[in-house]
Amino acid sequence: GDEQLTTLQSEILTRSKAPFTILRRALRTLEAYNIVILDCPPNVAAGYANAIAAANAVLVPVQPARWAIDGLNKVIVSIAELVESDIISEAPALRVMISNFDGFDPSSKTREAEIRARTDVTVLETKIRKSPSLGRVADMQNTIFVTAPTSVGAQDYHALAEELLS
């Protein structure tokens, strides 16, 4: 939980004179991987900054809701701050994935249009539709491909992987 994240952040900050590049240096030693995915919350300063500093690209899931769009704005600002403070030399490519999309909700469609109209990010074509099976996945502690392989959630995540790898 939060205590573990705080401890991790503290360890990262005290281990090195360059605490925000520890992960980038560690990942340089990996030769057997073309892609490494780091899933981290944007609220843990050191861990989040390390992930951004190590990244060539950042994928930000954004729900079609005002609070989520505000969160995307904060991600953009925090990446700019990492560049301005010379922690990273340039911003990684920023891609946005629309998640929890409800095609029957007019508000969802309005927010999707807002997100797609942005020029400061690349918005992926694939969107993850709202699905009961996706809601159950976390409880089952497994992937959507195991728990509901024919669901719209599995279809959407498969399409997302195809788009990202193309």
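What you see below is based on every heavy atom in this structure, not just the backbone, and it leaves out hydrogens, waters and symmetry mates.
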Hydrophobic cluster identity match, Leu164 and Ile144, side-chain contacts under 4.5 Å
yes
Indicate the atoms forming the closest heavy-atom contact of Gly153 with Ser131, along with that distance.
N-OG, 4.1 Å
Only counting residues at least two apart or in another chain, list the ones meeting side chain to side chain donor-acceptor pair (under 3.5 Å) with Asp70.
none
Which residues satisfy the side chain to side chain donor-acceptor pair (under 3.5 Å) test with Glu112, sequence neighbours excluded?
Arg116, Lys127
Is Val137 reachable from Phe145 through a run of hydrophobic residues whose side-chain heavy atoms are each under 4.5 Å from the next?
yes
Applying side chain to side chain contact (heavy atoms under 4.5 Å, CB included), run through Leu160 and Leu124 and close with a yes or a no.
CA-CA 8 Å; Leu160 176 66; Leu124 299 173; 3.6 Å; yes
With sequence neighbours left out, what residues match Arg66 under side chain to side chain donor-acceptor pair (under 3.5 Å)?
Glu114
Any side-chain heavy atom of Ile115 within less than 4.5 Å of one from Met97?
no
Show the nearest heavy-atom pair for residues Leu27 and Ala54, with the distance to one decimal.
CD1-CB, 3.7 Å
Any pair counted as side-chain hydrogen bond (donor to acceptor under 3.5 Å, both in side chains), so long as it reaches residues 145-160, sequence neighbours left out
Arg129-Asp156, Ser133-Ser151
Ignoring hydrogens and angles, write down the donor-acceptor pairs under 3.5 Å from the side chains of residues 75-94, residues two or more places apart or on other chains.
residue	atom	partner	partner atom	Å
Ser78	OG	Tyr48	OH	2.9
Ser78	OG	Lys74	O	3.3
Ser78	OG	Val75	O	2.9
Ser85	OG	Glu81	O	2.8
Ser85	OG	Leu82	O	3.4

How far does CZ of Arg111 sit from CZ of Phe101, to the nearest 0.5 angstrom?
12.5 Å
Which heavy atom of Leu59 sits nearest a heavy atom of Val96, and at what distance?
CD1-C, 4.4 Å
Ile52, Val121: one ILVMFWY side-chain cluster at the under-4.5 Å cut-off?
yes
May I have all residue pairs that pass side-chain hydrogen bond (donor to acceptor under 3.5 Å, both in side chains) and include part of residues 91-105, sequence neighbours excluded?
Gln63-Asn100
State, to 0.1 Å, how close Val62 and Leu72 come at their nearest heavy-atom pair, and which atoms those are.
CG2-CB, 4.1 Å
CZ of Arg24 to CG of Asn50, rounded to nearest 0.5 Å, is 9.0 Å
Test item: side-chain donor near acceptor, Arg136 and Asn142, under 3.5 Å
no
